[in-house]
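Structure record follows, encoded as structure tokens.
Small disclaimer: the values here were computed from a predicted structure and weren't measured. Naming: A, B, ... by sequence-line order, numbering from 1 per chain.
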Amino acid sequence: MTIPMQDLPKQYNPAAAQDRWHKFWESKGYFHSEPNRAKKPFSIAIPPPNVTGALHLGHALNNTLQDILIRQKRMQGFEALWMPGTDHAGIATQAVVERRLLQEEKLSRHQLGREGLVARIWQWKNDYEKRILGQLKEMGCSCDWHRTRFTLDAQCARAVRHTFFKMFQEKLIYRGKRLVNWDAMLQTAVSDDEVFHETTKGHFWYFNYPTIDPKPGEPAYVTVATTRPETMLGDTAVAVHPEPSAALDKAEADLLQRFEAAASKDKADLQKQIDDLRERRRTMLADLETLADMARDGRKIRLPLLNREIPLIADVWAKPELGTGCVKITPAHDPNDYEVGLRQRLPMINILNCDGTLNENAGPYQGLANPKARQAVVADLEKLELVAKIEDREIEIAHSDRSKTPIEPLLADQWFVKMDHLAQTAMDAVTDGRVKIFPERYAKSYLDWLSEKRDWPVSRQLWWGHQIPVWYCKTASEAELQKAFAGRADVVWHRDEQNCQWLICAQEEDLAENAVPGHALVRELDVLDTWFSSALWPHSTLGWPEQTPELAYYYPTSVLITSRDIITLWVARMVLAGLYNVGDIPFREVFIHPKILDGYGEGMSKSKGNGVDPIDVIEKFGADALRFGLAYLTTETQDVRMPVEFECPHCQKLIEQTKENRVRPRVKCKHCSKEFSTQWAEKAEDKALPRGAVVSERFELARNFCNKLWNASRLVLMNLEGYAAATVADGELLVDDRWILSRLATVTQDVTTHLAGYRYSEAAKVLYGFAWDEFCSFYLEMVKARLTDPAARPTAQRVLTHTLDTLLRLLHPMIPFVTEEVWHLLNEAAPQRGIERVASASESIMIAPWPQSASARQNPEIEARFARFQEVLRAIRDIRSRQNVLPKTQINFSVRCDAATADLLKPMEPYFISMAGARATEIGPQTNPPEVSANVSLSGMEVFVDLADLIDVAAEIERKQQEIVRLDGLIAVKRKKLENQSFIDRAPAAVVEGERAALKELEDQRAAAVAVVERMKNTVAPGYPKLRY
RNA sequence: GGGCGUUUAGCUCAGUUGGUUAGAGCGCCUUCCUCACACGGAGGAGGUCACAGGUUCGAGUCCUGUAACGCCCA
């Protein structure tokens, strides 16, 4: 049958196809996968997006790349499972919800209570999970949605409990005091990774601490400097360097060395530093030596305000080249001081409450919070005249990434996972090649990070997460515990000697408060770090700890596709957790893809407001364009810079997105002055405005490509009347058929190997070039004429449908919707296809087999000959264009070439007429140029276009003259190269030969050009000024 | 401070193991709304490959240094 043309719009309509085919695929159950012994498994566990917010283009890229692989592998006959899900993202999600609660309802989490807050977060989670999964579906992601998991659901929770229990039992999990980054607003410790630094204006305060009973010649005060005065309340020592003179020597030597190596512009600055250091030695060294002696003597200092006696100690942390050379030591509130405290066995005094206010250890300052505490301390010290001086200074302040408030370092009880052995197993998996990381260089950051083997702090003082399954009991005896839990393998306990209590861990179920008769059990309130459950993702989603058929079949998963910023936090931990729990790696390969950056080169993030919603792109360009565009941009080395613009919903004009306007809920169009809302609109009045989509012209290439494919398909579909499937014998194939089939075989091979090596961009480019420049620009143009010839039509139709069929299948993983749309149309017009073997097409392209490269069809000779044809065609078109010949005017041309080339070109004569409006008058060695002609010299060929009535002689002569000049330049370079004896001697013979041939070619072209000018000058325009050449 | 990466046309990017006259898309110029496609066709202009050295017969490609930018870790 023929598809009525009016049914096929000239422009592809992505929205309709997306809606239709996603439903179709789901209803057919194509996304679902079950263990199937008859097939090989291919599985991917999705990097679960955080339920914090909606997905941006970075996620779109990540998931597009996964879907491309999954769809391809499915077509290749694998039992392909893509496991979807989302991450509870503990601290991030709780922070978002808490902030929202405070802004909109003026409620703190404490007012709401633990259960209330958690319920609110579940609501949030449900909303955003729905939105996220909806976004993935709109993108066409072929996840097995029935298996969707959430890191906090019952199945994942069970995996967490089992892992924790096993680690606790084996004493890989322990409880200890550590200095943590305390977020006083969220009242939780945050990891180093969740801290960012910001430079702000602050001060450097110099305080005098009185020496106790100074002897003659000894200073009455020790001066220390700090940027955080209130911490002095927790000081437990003042340190001075044990050998100040030697330390100064070393500092000076280092500076001198740098001075020698420095560029001249930096020398002045370094010289100043050296001078300062020498001055310092002159004025301060004696005092520092005295203080070092006093420290060795065990002398003490009186801490002002609290009147506490603290020791003067000798420690290398005190740098004589910096500040006063003495440093106050606050072990409980500074990471470096903490190290000193451990080294010198100093008491560690915590002066902070969880909410950031000072506690009872701060004496009269108890209850104050910063900045009041700071002001009070400074004011009181000033009253005592102990403030030596105050300097202005830029200081780096650590902030919590979540609450954006300053971090207070704080000594707290935390749970840790011992990393030494676990980290080693994860390192081994990569070094011995069981897990391969692409691109390879990322293996280094993985190994570097793991090799530090720092214990992993896993407790978080949050309410949203997996609550740690540990109960404390202070009063029971071990015998009582044994009795209470007799016969239970799912409960273990360890003694916490430091705090005189039992730590009881339960694997399956929560323990009741009265589980030990006569004693109260108190549950640990902390939850686990989000990454603890994420680390289990590849096996917890498959049912572990149960030995499910899924786990046996799909584990280890085939590949993990993720972004480089979580190689350490997530990838490394998944490897060690998989090895620990399952005894096998979680995935065989890891592909690290680029990041999407905005126009300023910054990564996209919710907090910066520069994230682009993939739905915006889908609405404007279509899901296929989004996917193809992203794949096209995914190269190995580079991040993707994506400048974006707002599209005004009123006037459709584009407005540049700036750092300024990208975070606003509403933006005023500078063209029409009307306002529109953005993705940040939350208030009703903002949301009521029409939404201004964020778009990027970088998707136009892909949108245009989809449209091109659509129209090429229309051409095919409109010419299938009378189509009858049948095999095509080699003898029936014309040169254009053999050429396109040869190219198709090569392209099939290339796309397959590129995708196997995660070279998405290469695969996309190969397909783009083939579909556009070869299939559309040449094959379709050539086949048009044959379709009108009843004798040639059947073969043309068969090769055409076969080629389109194969091209669609190759493109399907990248652009699933348009290919499925065309596939169905093609199935109506040509349900059976194939040239070697005729077969019925599958009901969906999703389940059609991936094309096999027909390597026997690859024909370099045909491709080379075809290239000659393309050259001549281009030459004729070039002449037409530069002579401004109207499209409807037919011209005559001739070609002078050897007999072999003539044999090739002669069969193409009809194509010159249809594709260049040019009729061949003569092709061969004996061709004489027409009296008046334009010409193009090609290697071994000369093309003449007879333009007796049309030619602009002056322009042609001018053009040829320029060409001679250009050729002269190239010839000179070549000659020089070939005159170089060492080139002749040392370069490979083939290269030298190539250069000689190239020179000959250039000389021939020059001679031809000279002849043309000569002829035109003499025969056509004798009066034209004498030319120099 | 350490590590990794980037710097090629006005913009965004390719450029495999060093070897003819360095490519693509967008934008720009000329031209054509020809019956698949103006989200299109045909043609064109535009680059001393960040800078300075070095290795080599030959360097965008390899080595050293410098600068700028980005990311990760301290």
Side-chain angles (χ1 to χ4, degrees), chain A residues 5 8-12 192-193 197 261 263 265 335 439 441-442 444-445 448-449 452 563-569 594-595 597 599-603 621-622 625 629 632-633 635-643 696-719 757 759 761-762 764-765 768-769 772-773 776-777 780-781 784 873-874 876-888 914-917 939 966-967 969-971 973-974 977-978 980-988 990-999 1001-1002:
Chain A
M5 200 180 149
L8 298 181
K10 283 185 173 190
Q11 272 188 16
Y12 171 58
D192 290 344
D193 314 299
H197 292 83
K265 69 180 168 69
R441 73 189 118 97
Y442 291 116
K444 186 171 157 49
S445 30
D448 283 354
W449 185 80
E452 292 179 23
S563 170
R564 83 176 93 85
D565 35 10
I566 48 178
I567 292 175
T568 53
L569 296 178
K595 286 177 68 109
L597 310 175
Y600 303 96
E602 296 174 14
F621 299 103
Y632 194 90
L633 295 169
T635 59
E636 243 185 46
T637 51
Q638 294 255 75
D639 285 342
V640 176
R641 194 175 288 220
M642 177 115 27
S696 171
E697 65 174 28
R698 306 212 56 195
F699 292 103
E700 284 176 13
L701 167 136
R703 190 255 331 251
N704 296 353
F705 177 64
C706 291
N707 193 55
K708 186 78 177 175
L709 181 72
W710 170 251
N711 278 294
S713 304
R714 282 176 66 219
L715 174 69
V716 175
L717 293 165
M718 288 187 298
N719 283 286
R759 291 184 298 275
S761 179
E762 289 295 317
K765 279 174 184 156
Y768 181 96
W772 200 307
D773 300 333
C776 289
S777 295
L780 289 185
E781 291 304 325
K784 274 179 190 169
L873 191 75
R874 202 174 300 122
I876 298 168
R877 285 172 167 174
D878 176 17
I879 293 166
R880 286 193 72 113
S881 174
R882 73 195 198 210
Q883 285 293 334
N884 288 320
V885 180
L886 291 173
K888 288 192 173 103
S914 63
M915 296 173 74
S939 76
R966 189 178 63 90
L967 287 168
L970 295 174
I971 286 167
V973 170
K974 280 268 175 294
K977 194 168 189 179
L978 284 163
N980 181 347
Q981 193 56 44
S982 54
F983 171 67
I984 306 289
D985 294 344
R986 302 197 189 196
V991 172
V992 176
E993 262 327 292
E995 288 295 302
R996 287 213 171 97
L999 176 60
E1001 184 63 48
L1002 289 169

(message) Looking at A/Ser761 and A/Tyr632, would you say the former's side chain and the latter's main chain have a donor-acceptor pair under 3.5 Å?
(response) yes

(message) Please pick, from B/rC72, B/rC4, B/rC37, the nucleotide with the shortest atom-to-atom distance to any side-chain atom of A/Lys444.
(response) B/rC4

(message) Would you measure the distance from the P atom in B/rG60 across to the matching atom in B/rU16 and give it in whole Å?
(response) 13 Å

(request) Before accepting this row, confirm whether a basic side-chain N of the pair A/Glu762/A/Lys765 lies closer than 4.0 Å to the acidic partner's carboxylate O. (result) no

(message) Of the options B/rG19, B/rA36, B/rA42, whose atoms approach the side-chain atoms of A/Ser777 most closely?
(response) B/rA42

(message) Using heavy-atom distances to pick each residue's nearest nucleotide on RNA chain B, tell me which of A/Arg877 and A/Tyr12 is more 5'.
(response) A/Tyr12

(request) Answer yes or no: is there a side-chain heavy-atom contact under 4.5 Å between A/Cys776 and A/Lys708? (result) yes

(request) Would you indicate what A/Leu970 reaches in the nucleic acid, counting non-hydrogen atoms under 4.0 angstrom: base, sugar-phosphate, or nothing? (result) base

(message) Categorize A/Arg966 for me: base, sugar-phosphate, or nothing, with a 4.0 angstrom heavy-atom threshold over every strand shown.
(response) base

(request) Using modelled atom types only, decide if a donor and an acceptor are shared between the side chain of A/Arg698 and the backbone of A/Gly629 within a distance under 3.5 Å. (result) no

(request) Please figure out whether A/Val991 or A/Ser982 has its closest RNA chain B nucleotide nearer the 5' end. (result) A/Val991

(request) Under 4.0 Å between any heavy atoms, over every strand shown, what does A/Leu597 touch: base, sugar-phosphate, or nothing? Just pick one. (result) nothing

(message) Please check this pair: side chain of A/Asn711 against backbone of A/Asn707, looking for a donor-acceptor N/O pair closer than 3.5 Å.
(response) yes

(request) In whole angstrom, give the distance that lies between atom OH of A/Tyr768 and atom C1' of B/rC13. (result) 13 Å

(message) Please report the distance separating the P of B/rC49 from the corresponding atom of B/rA9, rounded so that it comes out in whole Å.
(response) 10 Å

(request) For A/Glu762 and B/rG15, give me the distance from atom CD to atom P, rounded to whole Å. (result) 6 Å

(message) Ignoring hydrogens and geometry beyond distance, is the side chain of A/Lys765 in donor-acceptor contact with the base of B/rA24 at under 3.5 Å?
(response) no

(message) Output the rounded distance in Å from NZ (A/Lys708) to P (B/rG41).
(response) 4 Å

(message) Which heavy atom of A/Arg880 sits nearest to which heavy atom of A/Ala916, and what is that distance?
(response) NH1-O, 2.9 Å

(message) As a test of reading the structure: which of B/rC72, B/rG40, B/rG19 is closest to the side chain of A/Asn704, going by heavy atoms?
(response) B/rG40

(request) Figure out the CG/P separation between A/Leu701 and B/rU12, and round it to whole Å. (result) 16 Å

(request) Test for a donor-acceptor pair under 3.5 Å between the base of B/rA74 and the side chain of A/Glu452, counting only N and O atoms. (result) no

(request) Taking only the side-chain nitrogens and oxygens of A/Trp772, find out if one of them lies under 4.0 Å from OP1 or OP2 of B/rG41. (result) yes

(request) Tell me what A/Tyr632 touches on the nucleic acid: a base, only sugar-phosphate, or nothing, going by heavy atoms under 4.0 Å. (result) sugar-phosphate

(request) Specify whether A/Trp710 and A/Tyr12 have parallel, tilted or perpendicular ring planes, treating 30° as the upper limit for parallel and 60° as the lower limit for perpendicular. (result) tilted

(request) Give a yes/no answer on whether the side chain of A/Lys784 brings an N or O atom under 4.0 Å of OP1 or OP2 in B/rC35. (result) no

(request) Would you classify A/Glu993 as touching base, sugar-phosphate or nothing, given that sugar-phosphate means primed atoms plus P, OP1 and OP2, and contacts are heavy atoms under 4.0 Å? (result) nothing

(request) Quick one: label A/Cys706 by what it contacts on the DNA or RNA (base, sugar-phosphate, nothing), any heavy atom closer than 4.0 Å. (result) nothing

(request) Please state how far atom CD1 in A/Ile567 lies from atom P in B/rG5, giving the value in whole angstrom units. (result) 12 Å

(message) Please give the distance between the C1' atoms of B/rU30 and B/rA45 as a whole number of Å.
(response) 10 Å

(request) Compare the minimum distances between each of B/rG43, B/rU20, B/rA36 and the side chain of A/Arg874, then state the nucleotide with the smallest one. (result) B/rG43

(request) Quick one: the dot-bracket string of RNA chain B, using Watson-Crick and G-U wobble pairs with both distances under 3.5 Å, [ ] for crossing pairs and | for bases paired to another strand. (result) (((((((..((((.....[...)))).(((((.......))))).....(((((..]....)))))))))))).

(request) Using the P atoms only, state how far B/rA36 lies from B/rG46, rounded to an integer number of Å. (result) 35 Å

(request) Please measure how far the P atom in B/rU31 lies from the corresponding atom in B/rG70, and state the result in whole Å. (result) 44 Å

(request) Please measure how far the P atom in B/rA42 lies from the corresponding atom in B/rC33, and state the result in whole Å. (result) 16 Å

(message) Looking at A/Lys10 and B/rC37, is any side-chain donor or acceptor paired with a base atom of the opposite kind under 3.5 Å?
(response) no

(request) Please state the P separation for the pair B/rG44 and B/rA24 - nearest whole angstrom. (result) 11 Å

(request) Kindly say if A/Lys974 contacts the phosphate of B/rU21, meaning a side-chain N or O under 4.0 Å from OP1 or OP2. (result) yes

(request) Pick the C1' atom in B/rU12 and in B/rU56, then give their distance to the nearest Å. (result) 34 Å

